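This report concerns only the one structure given below.
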Amino acid sequence: MVVDDKGERGSPPRKAMTIDPWHSRSIDVHRWSDHPEVGKIVDKLWGEFFPAQTGTSRGPKQKTTSKNQLKVLILDLYVAWLDDPTLCIGVSLSSNAWRAGSRYNALHISKKIVGIIKTLHDKGLLDLTKHSHSGPGHKYNRTTRIRASEKLQKRFRKAKLEKDDIGRAEGEEIVILKDDKNKKIEYEDTLATNQMREDLTAYNTLLANSFIDFPDLQKPVIAKDNDNDTLDIHIGTGTTRTRRIFSRNRWDMHGRFYGGWWQRISSETRARINIDDEPTVEVDFVGLHIAILYAEAGKKLDFDPYLVSGKNLLSYPPKLRRKLTKALALIAINAKDKTKAYQAFREGFPAKHIGSYISNSSLDKLLAAFLDRNPILQGKMFTDQGIRLMHLDGQITSRIHNHFTKKGIPVLSVHDSYIIDFRKVAELRQAMADASKAVVGRPLATSIKLPGREEFEWVSDYDLQVYIDNNLNAPRCDGYVERLEAFEARTGRNLGRDYSIPPPGEDDDKGDPDWE
């Protein structure tokens with residue numbers, strides 16, 4: 001719930017503001033709630049503004065009534081308003097954009113919603129700015145933007161409704177197939193897709209019934225954590241849902257897991273996460289994609305592949321040189337085209353950072369130094385390896401998810417690293433070794449990530465124990481305690497801590513990379 005300085009919901013009344021069409025997100029057509037307050041809001045809006053639609057209509061019967069389509073729209077507008085009253089929702093007003101029978105439209109939202117949006121706008125309940133089309137494929141093309149007007153916001157302020165009272169529609173598709181233009185496409189289910197969906201549904205159910213939060217966070221909002229974010233990050237059960245995405249109309253391309261809010265924050269911020277009111281530790285695979293390529297060549301990656309040297313590279317400090325080398329190597333492995341790869345490399349750094357203006361010739365030298373250190377990777381650069389490697393790491397993550405889901409233990413994945421209750425680190429590292437061996441033929445090295453430590457830096461049992469001791473009793477702010485108590489009331493769970501558990505160092509694996 002958003003509260004202003006006066007203790008009122010949402011922002012205080014304001015004059016109409018011009019819509020910023022780029023401060024937006026896409027409409028979410030899977031919002032749903034059976035909360036009585038939602039019914040009251042929708043019934044009142046329906047009776048006031050859609051009286052002519054209360055009778056029966058001709059033609060095929062809708063799978064979802066117009067009134068329920070209004071409900072979905074109002075719920076999404078309400079969530080956007082809670083997140084940020086200036087936030088817009090992108091929505092197409094073309095009838096052809098709405099496919100009620102699509103597997104990605106579980107509530108069967110139809111073109112009827114276009115008329116609902118127009119009516120709400122005509123009645124002054126929506127701020128709206130029309131779509132923009134500057135030409136095929138133009139970067140400034142966009143859909144129509146809408147948001148709750150001040151008139152609708154007044155109704156929202158009176159609503160006795162919390163964000164966690166709004167959930168997801170049953171049957172929402174979480175196994176997604178896209179084409180080579182990144183557009184969702186329909187597909188026929190197989191035994192494999194059904195199993196993936198079943199596994200991921202169980203994982204999402206576990207996350208939804210787990211308390212994932214920050215003890216020091218007064219409000220459940222994290223300010224934009226990096227330059228790529230345009231919106232603040234809201235944490236809670238509504239932002240834990242994970243989906244699996246495949247690409248290029250193929251089930252052997254991509255297949256990574258996306259959706260959890262923890263994927264959008266820095267590793268330093270992730271270190272503060274509590275799961276079920278317990279501190280966590282993050283463990284990652286050491287140079288995952290590089291390690292997979294080594295494994296495919298029958299070799300073990302047992303050193304830092306990014307620690308390059310050479311007389312032409314002496315002007316770079318070691319830490320900077322490693323950072324540049326890692327970024328360049330991963331982009332080169334993922335890319336098809338060298339020129340585009342180098343441009344993408346520069347765009348990945350903020351303005352004025354040396355990485356943003358480094359020359360192609362300097363990048364050639366850096367890449368040559370990387371290949372000198374990793375000759376086994378000759379011929380792998382600019383060969384579009386990334387999407388295939390993501391498919392392999394997606395399989396590894398799936399096995400890790402399934403291992404812990406069956407035990408009822410939440411684990412949060414960030415593609416090549418995993419966050420878990422500090423007492424489960426040893427089991428996580430073993431599960432990572434087992435999963436990587438099953439997928440690529442040999443167990444891949446893992447290492448513990450601690451704040452302030454460099455990647456590949458050795459972490460001893462003592463270092464890990466000190467870190468845990470310093471974080472085990474982290475002060476819990478009032479906002480966190482309120483959310484914890486609300487979670488316990490909602491789920492019936494009691495998350496009281498047990499401090500009698502022996503220190504993890506007594507039976508834990510060593511905290512250093514397992515190739516040391």
Side-chain angles (χ1 to χ4, degrees), residues 1-2 9 25-47 49-50 53 61-83 87 89-92 97-117 120 125-126 146-148 152 155-156 158-176 184 197-198 200-210 220 234-243 258-261 486-487 489-491:
M1 179 174 67
V2 177
R9 300 165 63 85
R25 62 161 171 79
S26 298
I27 188 171
D28 188 335
V29 296
H30 292 103
R31 303 281 186 197
W32 193 255
S33 177
D34 291 317
H35 193 283
E37 187 71 9
V38 176
K40 292 179 183 178
I41 296 170
V42 174
D43 285 346
K44 189 170 182 61
L45 289 171
W46 186 258
F49 302 108
F50 300 89
Q53 300 189 42
K61 185 177 180 180
Q62 295 174 247
K63 292 185 177 180
T64 298
T65 65
S66 294
K67 186 176 181 180
N68 278 341
Q69 295 193 48
L70 170 65
K71 179 178 181 178
V72 172
L73 177 63
I74 292 299
L75 286 173
D76 200 33
L77 288 166
Y78 185 78
V79 170
W81 171 75
L82 284 177
D83 288 347
L87 179 64
I89 294 174
V91 58
S92 175
W98 300 94
R99 301 179 59 189
S102 170
R103 69 165 54 244
Y104 305 111
N105 187 355
L107 289 174
H108 309 290
I109 304 301
S110 71
K111 61 184 179 182
K112 294 287 186 181
I113 199 170
V114 175
I116 293 171
I117 291 170
L120 292 178
L125 296 172
L126 294 182
I146 61 173
R147 71 180 178 206
L152 183 56
R155 296 178 184 239
F156 285 170
K158 298 176 182 178
K160 299 175 181 178
L161 186 68
E162 304 296 333
K163 191 172 182 179
D164 282 342
D165 293 325
I166 301 172
R168 313 293 305 176
E170 291 186 11
E172 179 181 4
E173 186 57 79
I174 51 179
V175 178
I176 296 168
K184 294 177 183 178
R197 190 177 298 107
E198 180 180 334
L200 191 48
T201 297
Y203 175 72
N204 279 331
T205 299
L206 175 61
L207 294 187
N209 287 283
S210 302
H234 294 258
I235 68 173
T237 56
T239 50
T240 64
R241 184 184 61 93
T242 298
R243 59 196 184 279
Y258 296 88
W261 55 259
F487 171 84
R490 185 172 64 252
T491 62

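These numbers come from a predicted model, not from an experiment. The first residue of the sequence shown is numbered 1, and numbering continues consecutively from there.
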* Asked: Would you call V79 and L75 a side-chain contact if the rule is heavy atoms closer than 4.5 Å?
  -> no
* Asked: Below 4.0 angstrom, N of the basic side chain to O of the carboxylate: do D165 and K160 qualify?
  -> no
* To do: Check the angle between the aromatic planes of Y78 and W81 and answer parallel, tilted or perpendicular using the 30° and 60° thresholds.
  => tilted
* Asked: About how many Å separate CG of N209 and CZ of R490, when rounded to the nearest 0.5 Å?
  -> 9.0 Å
* Side-chain contact, heavy-atom cut-off 4.5 Å: N68 with W32? -> yes
* Quick check: does any side chain N or O of K67 sit under 3.5 Å from a backbone N or O of D43, one acting as donor and the other as acceptor? -> no
* To do: Give a yes or no on whether a salt bridge exists between R241 and E172, defined as a side-chain N under 4.0 angstrom from a carboxylate O.
  => yes
* Asked: Does S92 offer a backbone N or O that forms a donor-acceptor pair with the side chain of W98 under 3.5 Å?
  -> yes
* To do: Check whether any side-chain N or O of D28 sits under 3.5 Å from a backbone N or O of D76 as a donor-acceptor pair, and report yes or no.
  => no
* Minimum-distance pair of heavy atoms, taken over all atoms of V38 and S33 -> CG2-OG, 3.7 Å
* Nearest-0.5 Å distance, CG of residue L152 to CZ of residue R147 -> 12.0 Å
* Structure fact -> Nearest heavy-atom contact between L161 and E37 is CB-CG, 4.3 Å
* Main-chain N/O of A100 paired to S110 side chain as donor or acceptor, under 3.5 Å -> no
* To do: Look up atom CG in L120 and atom CG in L70, then write down how far apart they are to the nearest 0.5 Å.
  => 6.0 Å
* Structure fact -> Tightest non-hydrogen contact, residues L107 and R31, listed as CD1-O, 3.8 Å
* Could you check if a side-chain atom of V72 sits within less than 4.5 angstrom of a side-chain atom of I113, using non-hydrogen atoms only? => no
* How close do R99 and N105 get, heavy atom to heavy atom, and via which atoms? -> O-ND2, 3.1 Å
* Could you tell me whether the side chain of H234 and the main chain of T239 form a donor-acceptor pair under 3.5 Å? => no
* For T237 and D164, does a side-chain donor sit closer than 3.5 Å to a side-chain acceptor? -> yes
* Asked: Hey, what do you get for CD1 (I116) to CD1 (I74), rounding to the nearest 0.5 Å?
  -> 9.5 Å
* Are R243 and E173 close enough for a salt bridge, meaning some N to O gap below 4.0 Å? -> no
* Using modelled atom types only, decide if a donor and an acceptor are shared between the side chain of Y203 and the backbone of T242 within a distance under 3.5 Å. => no
* L77 vs F156 side-chain heavy atoms within contact, under 4.5 Å -> yes
